[in-house]
Undergrad: 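Quick one: structure below, then a few questions.
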Amino acid sequence: MTRRRIRSVLVANRGEIALRIIRTCRELGIRTIAVYSEADRAASHVMAADEAYCIGPPPSRESYLAAGTIIGTARRARADAIHPGYGFLAENPSFARMVRDAGIVFIGPSPESIAAMGDKTTARRLVQKAGVPTVPGTIDALRGVSGASAFAASAGFPVLLKAAAGGGGKGMRIVRTDNELAAAFAAAQSEARAAFGDDRVYVEKYLDGPRHVEIQVIADAQGHTLHLGERECTIQRRHQKIIEESPSVIVDDGMREAMGATAVKAAMSCGYENVGTVEFLVDRDRCFYFLEMNTRLQVEHPVTEMRTGLDLVALQIAVAEGTPLPLGQDDVAFNGHAIECRICAEDVENGFLPATGRILHLRTPGGAGIREDRGVGEGGEIPLYYDSMIAKLIAWAPGRAEAIARMSRALAEYELLGVKSNVGLCRFVIDHPRFKAGDFTTHFLEEEFTPERLRTSDARTGQAAAAVCALLSQEGELAGAPGRNGRPVLAGSRWKKGGRDFTET
């Protein structure tokens, strides 16, 4: 592969991940270009970048999913490369191909690898050929409910219907009896069609009460592939991860070596390059099975960074330039224990509905071993158009018990008012005896949590409420001159940077 120095990067994303990528680029001396929708005019990533371009109205399909507009903006801004972050177009093979065809470097895997691993049936076929264990199930998509019924009759209930083109819990249904199968099949197809434009569904044996453990991998263009250890992602709500940690309490050195080698096989099965994550389900006997491969940077990548001391975004950029990996498998050193909590704008007591609004008061924790990746600050808006995640809070310590204690302390310090959040839920999990003991499965929240358990008073609530009252009494100080859309711009917004205006397309 010909090496190509990257001097400017357009970040095709928003929020905390866009800001996180911009920070690494700045450390590397790389010029950064942000894109933003009209809802994100004053967003942190916009203010942090060297240049920023408006790419459309708030709905994602008209802005962050507008592939042609983003590539046109990259050309206009003379970007050498595009980093997709995660979500939006990050795992869209057509977008990666369009970027490549435009002569721009895509900081991620090839469109061929994205397509192979993005289709779950193709991925299962590839990794099985490479000797990677998979959960028993159909290789090809089902033509109708009869195929699912035949598999269930041979494998036994429960079974799991899954979207072939899916991920993130979309198009997924657990079926425990034959009477539920037809309705579940229709529902899975409908949801898959709405989410991915593809209603193909396959079926596999449902592992009741598994653990969810994933392996971080990275590969260069010279054929070197290595793993960076595991992350435990078992604490989930509706197949959405909430808390991640590394190392996993159930993975010993031998199992880590076996899982790592298996993840490397899975990556090599599709000629993978750049950063990716191979996800596994682990049963009660500690047998692990390939679940899927995410062909992008993961939300929880800071957990790996805290333990290895590696900057995964910097490695992504180096690999995209054609540079060989600077280390081998034996050079990867793991240190201590790291835990991440996803802080989301959610109404936990009302079915976890996404919450929107303005952050009126925000006080975040600090201290030794604490990292926070956040894309919005006090006075910022949480719009209704995008993912509900506000921030990622990460705690590192020499051991698991110390990391849990540090995270518990950090969550107790976290003050967020004006928008409902899941901070209380994270505290519930972190302080729970079963979590501390490492005794949990993907059903933990279903078994242990009810909203009533959050309805307890906290002395800091009154203090924070008083701060909000003071803030609201100074409402006039929160707004400045009207912005370009006629709405007030929050105090502190900088619409000029480096002597030039932000540019709109």
Side-chain angles (χ1 to χ4, degrees), residues 13-20 36-47 58-60 64 87 237-238 240-243 299 340-366 372-394 410-430 449 451 453-475 477-479 483 485 487-493:
N13 218 297
R14 65 180 299 278
E16 64 83 17
I17 189 58
L19 187 57
R20 185 264 173 275
Y36 64 95
S37 73
E38 292 172 0
D40 280 338
R41 289 176 179 275
S44 296
H45 76 283
V46 176
M47 301 302 164
S60 298
Y64 297 107
R237 178 187 62 78
R238 299 172 188 166
Q240 298 292 322
K241 302 167 187 174
I242 299 174
I243 295 175
V299 174
E340 176 180 296
C341 290
R342 302 189 186 191
I343 309 300
C344 299
E346 294 179 335
D347 187 349
V348 175
E349 297 183 19
N350 191 24
F352 294 92
L353 289 175
T356 61
R358 185 181 184 184
I359 297 177
L360 300 176
H361 169 76
L362 180 64
R363 180 175 297 170
T364 58
E372 188 200 23
D373 287 14
R374 175 167 42 87
V376 62
E378 187 171 278
E381 294 281 342
I382 306 296
L384 57 85
Y385 306 99
Y386 315 118
D387 184 84
S388 64
M389 191 168 68
I390 298 171
K392 302 181 304 197
L393 184 63
I394 307 99
L411 289 168
E413 291 180 5
Y414 214 106
E415 295 178 2
L416 173 62
L417 292 176
V419 178
K420 293 187 177 183
S421 79
N422 69 338
V423 171
L425 174 67
C426 291
R427 289 185 65 183
F428 169 84
V429 176
I430 291 295
F449 176 73
R453 299 194 179 190
L454 296 184
R455 294 168 190 162
T456 57
S457 61
D458 189 319
R460 260 176 291 275
T461 301
Q463 298 169 5
V468 172
C469 289
L471 191 66
L472 290 174
S473 69
Q474 302 172 11
E475 181 68 27
E477 298 180 16
L478 293 177
N485 60 355
R487 297 172 183 166
V489 177
L490 297 175
S493 294

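Worth knowing before you read on, the calculation uses all heavy atoms, side chains too, and leaves out hydrogens, waters and symmetry mates. This chain uses plain numbering: 1 for the first residue, then up along the sequence.
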Undergrad: How close do Leu393 and Pro365 get, heavy atom to heavy atom, and via which atoms?
TA: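 Looking at all heavy atoms of both residues, the shortest contact is CD1-CG, 3.8 Å.
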
Undergrad: Tell me the closest heavy-atom pair linking Arg41 and Met47, and the distance in Å.
TA: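 In this case the closest contact between Arg41 and Met47 is O-CE, 3.8 Å.
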
Undergrad: If every non-hydrogen atom of Tyr385 is compared with every non-hydrogen atom of Pro59, which pair is closest and at what distance?
TA: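 Looks like CD2-N, 4.1 Å.
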
Undergrad: Which atom names give the shortest non-hydrogen contact between Cys426 and Cys341, and what distance separates them?
TA: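 In this case the closest contact between Cys426 and Cys341 is SG-CB, 3.9 Å.
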
Undergrad: Are any of the side-chain heavy atoms of Arg20 and Lys392 separated by less than 4.5 Å?
TA: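 No, their side chains stay 4.5 Å or more apart.
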
Undergrad: Find the distance between CD (Glu346) and CE (Met389) and round it off to the nearest 0.5 Å.
TA: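 The distance works out to 11.0 Å.
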
Undergrad: Mind checking what makes salt bridge (charged side-chain N to carboxylate O under 4.0 Å, His left out) contact with Arg342, not counting sequence neighbours?
TA: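 Counting only residues at least two positions away or on another chain, Arg342 forms a salt bridge (charged side-chain N to carboxylate O under 4.0 Å, His left out) with Glu244, Glu300.
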
Undergrad: Enter the distance from Gln240:CD to Ser388:OG here, rounded to the nearest 0.5 Å.
TA: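 Going from CD on Gln240 over to OG on Ser388, the span is 8.5 Å.
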
Undergrad: Heavy atoms, side chains only, cut-off 4.5 Å: are Arg14 and His45 in contact?
TA: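 Sidechains of His45 and Arg14: in contact.
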
Undergrad: May I ask you to decide if the ring planes of Phe352 and Phe449 are parallel, tilted or perpendicular, using 30° and 60° as cut-offs?
TA: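 Rings of Phe352 and Phe449: tilted, 30 to 60°.
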
Undergrad: Just jot down the side chain to side chain donor-acceptor pair (under 3.5 Å) partners of Ser37, sequence neighbours excluded, or say none.
TA: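 With neighbours one apart ignored, the set is Tyr386.
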
Undergrad: Do the non-hydrogen side-chain atoms of Tyr414 and Thr364 ever get within less than 4.5 Å of each other?
TA: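 In contact.
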
Undergrad: Compare every heavy atom of Leu416 with every heavy atom of Ser421, then report the nearest pair and how far apart it is.
TA: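 The pair with the smallest heavy-atom distance is CB-CD2, 3.5 Å.
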
Undergrad: With heavy-atom distances below 4.5 Å as the criterion, would you say the side chains of Val348 and Phe428 are in contact?
TA: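 When only atoms from C-beta onward are counted, Phe428 and Val348 do not touch, as no gap falls below 4.5 Å.
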
Undergrad: Got a second to check how far Ile390's CD1 is from Asp373's CG, nearest 0.5 Å?
TA: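 If we round to the nearest 0.5 Å, Ile390:CD1 and Asp373:CG are 14.0 Å apart.
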
Undergrad: What is the minimum heavy-atom distance between Ala355 and Lys420, and which atoms define it?
TA: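 Of all heavy-atom pairs spanning Ala355 and Lys420, the closest is CB-O, 3.7 Å.
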
Undergrad: Any non-hydrogen side-chain atom of Leu411 less than 4.5 Å from a side-chain atom of Ile343?
TA: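 They are in contact (side-chain heavy atoms under 4.5 Å apart), so the answer is yes.
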
Undergrad: Find out whether Arg374 and Leu362 are in side-chain contact, i.e. whether some heavy atom of one side chain is under 4.5 Å from a heavy atom of the other.
TA: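 Answer yes - side chains close enough.
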
Undergrad: Let me know which of Ile242, Val299, Ile243 forms a side chain to side chain contact (heavy atoms under 4.5 Å, CB included) with Glu340.
TA: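 Result for side chain to side chain contact (heavy atoms under 4.5 Å, CB included) with Glu340: Val299.
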
